[in-house]
Each structure stands twice: as C-alpha cells, then as structure tokens.
Amino acid sequence: KQEKMAEAYESLDSKKLGLAIEMSSIVNSTLDLSEVLTLVLRYADRLLNSVASTLMLLDENTGQLVFTIPTGPKADKLREIRIPPEKGIAGWVAKRGKPVWVSDVREDPRFYPEVDAIFGFETENIPCLKLVSVHTFYFFIDTA
C-alpha cells in the first residue's frame with residue numbers, strides 16, 4: 001500500500017504534490033470534525049481565490065439547507081442561515097446531485113440573492129457541489 005502511495009506522489013508535479021501534502025496535514029491536524037471542515041473550507045478558499053464559502057447541511061425535517069460552517073469576513077452572520085427547499089444554486093445542486101460552476105450569478109435564474117442581502121455582500125460566482133457522507137462506525141470490544 002505504501003509503494004502505491006509513493007508511486008502516486010511521484011507522478012504528481014511539485015505544485016500538486018505540495019497541495020496534497022498540505023491538505024493531508026490539514027485533515028490530520030485535529031480530531032475535531034468541525035475544525036477540520038473549517039480548515040478544509042479555508043484551504044479551498046485559498047485555492048479558488050474565494051472571499052468566502054460555506055458547508056451547508058440539509059435539515060431532514062424542513063428540507064432547508066442550513067449554513068453550518070461558513071468562512072470569510074462575515075462568517076459569524078451566516079451561521080444558521082436557512083435557504084428554503086430547492087432555492088438557489090445550492091438547492092438546485094442538492095436536489096440533482098450535479099456540480100455546477102456559475103461564473104456570473106446575476107445571469108443565472110437559480111441564484112438566490114436573499115443571502116447577499118442578509119450580509120451585505122455581492123456574490124459574483126459560485127462553484128457548488130453536493131457531498132454525500134456515509135458514516136462508518138468501528139466498534140472495539142475489549143475481551144481481555
């Protein structure tokens with residue numbers, strides 16, 4: 001397994017290798033899932049040259065998307081913002097499971113401008129994808 005990983009790293013150019021190593025160190029920097037996700041989003045902001053981003057979770061009871069881990073200068077104002085079911089680009093992606101990159105949100109009828117109004121920001125473009133989480137649990141039974 002280690003040989004396969006070494007081969008994979010050797011095939012990457014130095015920039016990609018650096019990014020892979022940096023991401024690995026970020027993911028392994030803490031056991032606090034919320035902190036890891038925040039660090040990953042901040043890293044993605046750097047890579048994409050974004051001002052802000054957010055991880056939204058689906059509220060199973062209401063169907064709303066909830067801003068759970070926002071980043072950027074107004075992150076504190078965005079926490080717990082709710083988007084009605086199937087509204088906005090994120091709602092479209094959540095329903096269809098297809099990623100999109102909208103380069104000019106003002107030209108896209110799916111854009112939900114109410115979030116910009118809440119925190120006084122003007123979104124220009126949105127890359128959006130749906131993450132599906134499968135929780136794996138390991139049970140250790142001490143029989144000694």
Side-chain angles (χ1 to χ4, degrees), residues 1-140:
K1 189 173 184 179
Q2 288 177 335
E3 286 178 20
K4 285 185 181 181
M5 290 302 297
E7 288 173 13
Y9 282 134
E10 286 173 6
S11 71
L12 298 174
D13 65 41
S14 61
K15 184 176 181 179
K16 288 180 182 176
L17 177 59
L19 294 174
I21 291 170
E22 189 174 355
M23 182 56 84
S24 176
S25 67
I26 288 170
V27 170
N28 291 308
S29 65
T30 178
L31 295 176
D32 180 337
L33 180 60
S34 178
E35 190 174 340
V36 168
L37 292 172
T38 300
L39 291 170
V40 168
L41 285 175
R42 287 182 184 156
Y43 185 77
D45 288 344
R46 276 185 34 220
L47 287 176
L48 297 172
N49 200 25
S50 301
V51 174
S53 60
T54 189
L55 174 76
M56 297 178 187
L57 294 179
L58 179 66
D59 181 327
E60 297 285 341
N61 295 323
T62 65
Q64 297 172 322
L65 289 174
V66 183
F67 280 56
T68 305
I69 301 179
T71 69
K74 308 247 180 158
D76 56 326
K77 290 184 178 183
L78 287 173
R79 196 165 267 102
E80 296 299 318
I81 296 291
R82 292 173 169 268
I83 296 179
E86 300 181 30
K87 289 287 185 180
I89 294 165
W92 186 92
V93 169
K95 180 177 180 183
R96 289 161 184 80
K98 296 179 182 178
V100 296
W101 189 307
V102 178
S103 58
D104 184 356
V105 297
R106 304 287 173 230
E107 298 295 320
D108 195 304
R110 299 170 293 186
F111 181 62
Y112 186 69
E114 284 78 354
V115 175
D116 278 6
I118 290 169
F119 68 101
F121 187 77
E122 191 170 315
T123 301
E124 294 175 10
N125 59 65
I126 296 178
C128 186
L129 61 105
K130 181 178 181 177
L131 298 176
V132 178
S133 174
V134 177
H135 297 284
T136 303
F137 297 95
Y138 297 95
F139 296 94
F140 297 96

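Throughout, residue positions are numbered sequentially from 1 according to the sequence presented.
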Exercise. With sequence neighbours left out, which residue pairs that include part of residues 86-96 fulfil the salt bridge (Lys or Arg N to Asp or Glu O under 4.0 Å) condition?
Worked result: Glu86-Lys95
Problem set entry | Inter-residue atom distance Asp104.CG - Ile126.CD1, 0.5 Å rounding | 10.5 Å
For this session: Return the set of residues passing side-chain contact (heavy atoms from CB on, under 4.5 Å) with Pro85 (not counting sequence neighbours), or none when no residue passes.
Result: Gln64
Exercise. Which residue pairs pass the salt bridge (Lys or Arg N to Asp or Glu O under 4.0 Å) test when at least one of the two sits in residues 33-42, sequence neighbours left out?
Worked result: none
Problem set entry | side chain to side chain donor-acceptor pair (under 3.5 Å) involving Thr71 - partner list, sequence neighbours excluded | Asp45, Ser53
Seminar exercise, completed: Sorted by chain and number, sequence neighbours left out, side-chain contact (heavy atoms from CB on, under 4.5 Å) with Ile118 holds for Ile81
For this session: State, with a plain yes or no, whether a side-chain heavy atom of Leu41 is found less than 4.5 Å away from one of Leu37.
Result: no
For this session: Output the distance between atom CZ (Phe67) and atom CG (Leu57), rounded to the nearest 0.5 Å.
Result: 11.5 Å
Problem set entry | Distance, nearest 0.5 Å, that separates CG of Leu58 from OG1 of Thr68 | 10.0 Å
Exercise. Roughly how far apart are Ile69 CD1 and Thr38 OG1, rounded to 0.5 Å?
Worked result: 4.5 Å
For this session: Provide the closest heavy-atom pair for Ala75 versus Pro70 in the form atom of the first, atom of the second, distance.
Result: O-CG, 3.3 Å
For this session: Under the side-chain contact (heavy atoms from CB on, under 4.5 Å) rule, collect the residues that match up with Ala90, sequence neighbours excluded.
Result: Met56, Leu65, Cys128
For this session: Please lay out, stage by stage, how Trp92 and Val100 fare under the test side chain to side chain contact (heavy atoms under 4.5 Å, CB included).
Result: CA-CA 9 Å; Trp92 186 92; Val100 296; 3.3 Å; yes
Exercise. With sequence neighbours left out, which residue pairs that include part of residues 108-121 fulfil the side chain to side chain donor-acceptor pair (under 3.5 Å) condition?
Worked result: Arg106-Asp116, Asp108-Arg110, Asp116-Thr123
Exercise. Run the side chain to side chain contact (heavy atoms under 4.5 Å, CB included) check on Ile89 and Val105 step by step: do they pass?
Worked result: CA-CA 9 Å; Ile89 294 165; Val105 297; 4.1 Å; yes
Problem set entry | Asp59: salt bridge (Lys or Arg N to Asp or Glu O under 4.0 Å) partners, not counting sequence neighbours | Arg82
